[in-house]
Amino acid sequence: MELAYNPQEIEQKWQKRWDELKLFDANEDPARKKYYVLEMLPYPSGALHMGHVRNYTLGDALARYMWMKGYNVLHPIGWDAFGLPAENAAIKHGRHPTEWTFSNIEVMRTQLKRLGVSYDWRREMATCVPEYYRWNQWFFLKMFERGLAYRKKSRVNWCPKCETVLANEQVANGFCWRHEDTPAIERELDQWFLKITAYAERLLDDMQHLVRWPDRVLTMQQNWIGKSLGTFVDFRLDALGEPLQVFTTRVDTIFGCTAVFIAPEHPIVEKLIANSQSSENLRAEAERVKASAVRARFEVNLEKVGIDTGFKARNPYNGQFVPVWLANFVLMEYGSGVVMAVPAHDQRDFEFCTAYGLPITTVIVPLEGSLPEMLDAAYVDYGRLVESGAYTGLTSEQAIERMTRDAEAKGFGKGTVQYRIKDWGISRQRYWGTPIPIVYCDACGIVPVAEKDLPVILPPDVKLTGTGQSPLGEVPEFVQTKCPRCGGAARRETDTMDTFIDSAWYFYRYTDPKIASSAIDGKAVKYWFPVDQYIGGITHAILHLIYMRFFSKVMQDIGLVDFPEPVARLFTQGMVLKGGTAMSKSKGNVVDPTEMCAQYGADTVRLYVMFAAPPEKDFDWSESAIEGAWRFLSRVYRLAGKYIERLRKVNTWSSKDSSSSLTAEERRLLRKAHQTLRHVTADMEERWHYNTDIAMMMELVNEISELEGAVVEGKIRPEILKASLESLLAMLSLFAPHIADELWEALGHDQPLLRTPWPAYDSELAAEEELEIPVQVNGKLRARVRVPAGAAEEVIRRRALAEDKVAALANGKQIVKVIVVPKKLVNIVVK
RNA sequence: GCUGGAGUGGCGGAACUGGCAGACGCACGAGACUCAAAAUCUCGCGCUGCGUAAGCAGCGUGGGGGUUCAACUCCCCCCUCCAGCACCA
């Protein structure tokens, strides 16, 4: 086998062979331990990119390792096939989204297969087929039944030039992404929402089960949910005869309240205008504040503006009347839409009150030290109360508790929990998504489609114009229907669902992708769940990974599953960059995986991607570094090729064959092999620093290479060389599976490595016999001594002190202390 | 602004529990093979100073301080970069 390494030939051969052997088919088998490896499903954009390669190679290494460890491994793949790009392609090139999507899937499937990832392709699914999305609709109906899906008027971003709704991500600094001169405006539209806020507390609580999730992700989710404890306080508003409800987390500062601020969109504003003595003027001013509030949603640090309504509200704690203002920075959608202004202890209030000349009263002082007479910024920390009536002298913590209790007792307020997370708006005025299964009947109102009538099929013939109207509205045969309740003429909902719905539960469906009688098969889910390892980009830390958790909790509540969290362990990989930034077509810096495979082969591409950096870090693609991976594999191929004829004929040595008669060279080779095995095995279980695993394999190859002379001279028996080489191939097969199987077969094996047990390391063989111990004098390295691995502390000490250099440095000085750390180092302290 | 993460040779990175900083690879330099090139192989490669040399000494993990016999690692302060959220009261 003196041929040059030809990855194209080898890879094609093995992909075919694996396929024939059904090597990656996962079948439920209660007798075997299962392992579910899941990677985030790709959007079929038309081309695989390096981020995908990284994601899938990571999962593949783990899947292959678990197979070899004897697990029954489920490793599926599918397509997140609904989404806006398909629709844009339709508008631009006149191709139907279905055709565009499936031809992209075709291309990307070929690309994926070229990489040789260990998927069970029988389970492949696309979310855009009725067999899948009907269950989106079913989940929607279940939520509707439980009041978890509801309809509400809501503000959306709208570009007047595009005539269309913009997603939040499509608005940059308040302007449309396509028309940088056109500010997005807000429109009120009826939208469907899922009540994720009802699950806020459980989403937080159940994080305790997510011990194997990165802290980073949990923290981001925590911030996103944004729980805060606070107090509602009713300020009497005599002019309207109804109170203004204020929300605050700092009721301890309320004696310093010098005004009340209302969000300009607050419904009470209309009543204030109606009751005002200068209605006209107030209306105009209120409009101005509102306009600025809209801008403030996009502009950072927009100047604070407001208007005094002329009304006064009464602070129930001290009976004082304070002016009621509208202010552009108060958010309607958080708390009660009304806040109290405490300029001395809130920076925003401070800025506003300074600008408008409102009084500033200090009511909190630090526990130690004091505050200046004239504040130049708000003092926002907790402290001790002053000038606060009966509460003076309490700490902030004590005051918050007692003042809230008092408000409840006297009936002018109550403690409350607020969340920042908002309900999930799922309506999209688009075509390429799941139709929302709702019918509007003049007689019956909002009526859900009956379960038996699912799926509501997305009609194939639709004109896509991009006008911003829901395309389904233009299809009379779709819109016109009968009311499921009264049978009368009715209209269908024409919006479709957010595609995050599709990905919120797809991984359940993999366990039985073809089941037609229900969304998931309970038995299959019971066997395969939870997902043991989920792998994907950090970009999904919040949205997808919260929606997915939310769906699981709803599924738990409707009795589909019996656990709160579907994913036991999460890994978030870093990005693959080029020239310091993400690869993108517009930047023209895309490295095409398929081209790379054609140039170097899939094994090289995969090995390089794993070797370049630890998987959680971003890394920059390097044309020259991939050559290193290629060189390494070529070297392995050449090296193995040199010996294969001889090794094929001998049996593999095993440590059971007695290790006493090993030569020094044999021990050296086996030591390196077993040290590498030890490292890789430990790493696969926990850390996943695949870059160091590959580095260790390179060291092993270097060692085999260096020992070539010893092999020739017969100081290393072929059986032992074979054993070392086979360990190497087993490890290599995690990252470069094709070349590993090729050489494995050449060594005389008829089953691929995936069906071979993972080699156990022998700690005795891995142990060093002799150690080189560094000797420091006053912490500086001065000498090294070689000692047997088990040398007693005293022996090491004596040897260290006997070193010429040590003696020279200690000469004429006093040895204060000798620290001997067995197996590590000696440090001699002299004075 | 808040929250989280990171900062180590020319570059990617290693050092897992406080114990030899720079494993492994890339780039680079020298040599071998070759008519030549590619490929391959061998050697060198943190910085500075001294020395013809083997070598010797000092400095060195973003900066400053501290704890320790010993700090990339622990503590305090500061700087820079990246990410997420962003007037959430």
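By convention in this document, chain letters (A, B, ...) are assigned in the order of the sequence lines, proteins followed by strands, and residues within each chain are numbered from 1.
Between the CG atom of A:D618 and the P atom of B:C82 there is a distance of 12 Å, rounded to whole Å. The CD1 atom of A:I819 sits 3 Å away from the C1' atom of B:C69 (whole-angstrom rounding). Between A:R678 atom CZ and B:C16 atom P there is a gap of 14 Å when expressed in whole angstrom units. Per the geometry, CG belonging to A:L218 stands 12 Å off P belonging to B:G5, to the nearest Å. To the nearest angstrom, C1' of B:U3 lies 18 Å from NZ of A:K227. Per the geometry, CZ belonging to A:F329 stands 15 Å off C1' belonging to B:A86, to the nearest Å. Here B:U68 presents its P atom at 21 Å from CD1 of A:I828, a figure rounded to the nearest Å. Taking atom CE on A:M575 and atom P on B:A83, their separation rounds to 8 Å, with Å as the unit.
Cation-pi contact between A:K227 and A:Y419: absent, since separation from the ring centre below 6.0 Å together with deviation from the ring axis within 45° is not met.
Rounded to whole Å, the P atom of B:C41 lies 25 Å from the corresponding atom of B:G22. Comparing the P positions of B:G64 and B:U80 gives a spacing of 16 Å, expressed to the nearest Å. With both ends at atom C1', the span from B:C11 to B:G63 equals 23 Å, rounded to whole Å. The C1' atoms of B:C50 and B:A15 are separated by 31 Å, rounded to the nearest whole Å. Atom name P, nucleotides B:G46 and B:A21: the rounded distance is 14 Å, in whole Å. A gap of 29 Å separates the P atoms of B:G65 and B:G13, to the nearest Å. Comparing the P positions of B:C74 and B:C28 gives an interatomic distance of 37 Å, to the nearest angstrom. Separation of the P atoms belonging to B:C20 and B:C72 is 9 Å when rounded to the nearest angstrom.
When the nucleotides B:A15, B:A89, B:U3 are ranked by their closest atom to the side chain of A:R687, B:A15 comes out on top. Comparing B:C69, B:A89, B:C87 by their nearest atom to the side chain of A:N328 picks out B:C87. Closest to the side chain of A:L331, out of B:A89, B:G4, B:G19, is B:A89. Of all nucleotides listed (B:C20, B:C85, B:C69), B:C85 comes nearest to the side chain of A:R420. Ranking B:G4, B:A89, B:A15 by closeness to the A:R216 side chain, first place goes to B:G4.
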How does RNA chain B read in dot-bracket, base by base from 5' to 3', with Watson-Crick or G-U pairs under 3.5 Å and | used when the partner is on another strand?
-> (((((((..(((......[....))).(((((.......))))).(((((....)))))..(((((..]....))))))))))))....

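Side-chain contact check for A:E616 and A:H689: at least one donor-acceptor pair (N or O, by modelled atom type) lies under 3.5 Å. Side-chain atoms of A:E699 and A:Q675 form no donor-acceptor pair, as typed in the model, at a separation below 3.5 Å. Side-chain atoms of A:E703 and A:S705 form no donor-acceptor pair, as typed in the model, at a separation below 3.5 Å. Side-chain atoms of A:T231 and A:T404 include a donor-acceptor pair closer than 3.5 Å.
Phosphate contact (OP1/OP2 of B:C59, side-chain N/O of A:K780, threshold under 4.0 Å): present. Proximity of A:Y419 to the phosphate of B:C88: no side-chain N or O atom is located under 4.0 Å from OP1 or OP2. Look at A:R638 and you'll find a side-chain N or O under 4.0 angstrom from OP1 or OP2 of B:C41.
Note on A:V821: a base of the nucleic acid sits closer than 4.0 angstrom, heavy atoms only. Looking at heavy-atom distances under 4.0 Å, A:N223 makes contact with sugar-phosphate atoms alone, never a base. Note on A:H540: nothing from the nucleic acid sits closer than 4.0 angstrom, heavy atoms only. Contact annotation for A:K805: backbone-only contact, meaning every heavy-atom pair under 4.0 Å involves sugar-phosphate atoms and none involves a base. At a threshold of 4.0 angstrom between heavy atoms, the contacts of A:I542 are confined to the sugar-phosphate backbone, with no base atom among them. As judged by a 4.0 angstrom heavy-atom cut-off over every strand, A:V330 is placed among the base-contacting residues. Using a 4.0 Å heavy-atom criterion, one finds that A:S228 contacts the sugar-phosphate atoms exclusively. Contact annotation for A:D620: no contact, since no heavy-atom pair falls under 4.0 Å across all strands.
Here A:Y317 and A:F412 bring their ring centres to under 6.0 angstrom of each other. Remark: aromatic rings of A:W630 and A:Y608 are distant, center separation not under 6.0 Å. Checked against the 6.0 Å centroid threshold, A:F571 and A:W688 count as a close aromatic pair. Taking the six-membered ring where the residue is Trp, the centroids of A:F611 and A:F735 are separated by 6.0 Å or more.
A:K824 contributes no side-chain N or O that forms a donor-acceptor pair with the base of B:C20 under 3.5 Å. In the interface, the side chain of A:R348 is paired with the base of B:A89 through a donor and an acceptor atom under 3.5 Å apart.
Annotated as syn: B:G9, whose glycosidic dihedral is within 90° of 0.
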Whether each nucleotide of nucleotides 22-31 of chain B has a protein heavy atom under 4.0 Å at its base (B), only at its sugar-phosphate (S) or at neither (-) is summarised, 5' to 3', as -BBSSS----

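In this structure, A:Y643 has no ring pair (Phe, Tyr, Trp, His ring centres under 6.0 Å) partners at least two apart in sequence or on a different chain. Remark: A:R569 engages A:E686 in a salt bridge (charged side-chain N to carboxylate O under 4.0 Å, His left out) (not counting sequence neighbours). With sequence neighbours excluded, no residue forms a salt bridge (charged side-chain N to carboxylate O under 4.0 Å, His left out) with A:R784.
Place A:R784 and A:D346 on RNA chain B by their nearest nucleotides, and A:R784 ends up nearer the 5' end. Toward the 5' end of RNA chain B, the nearer of the two residues A:L825 and A:I538, judged by each one's closest nucleotide, is A:L825.
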Side-chain atoms of residues 817-824 of chain A: list all donor-acceptor pairs with protein atoms under 3.5 Å, sequence neighbours left out, distances to 0.1 Å.
none

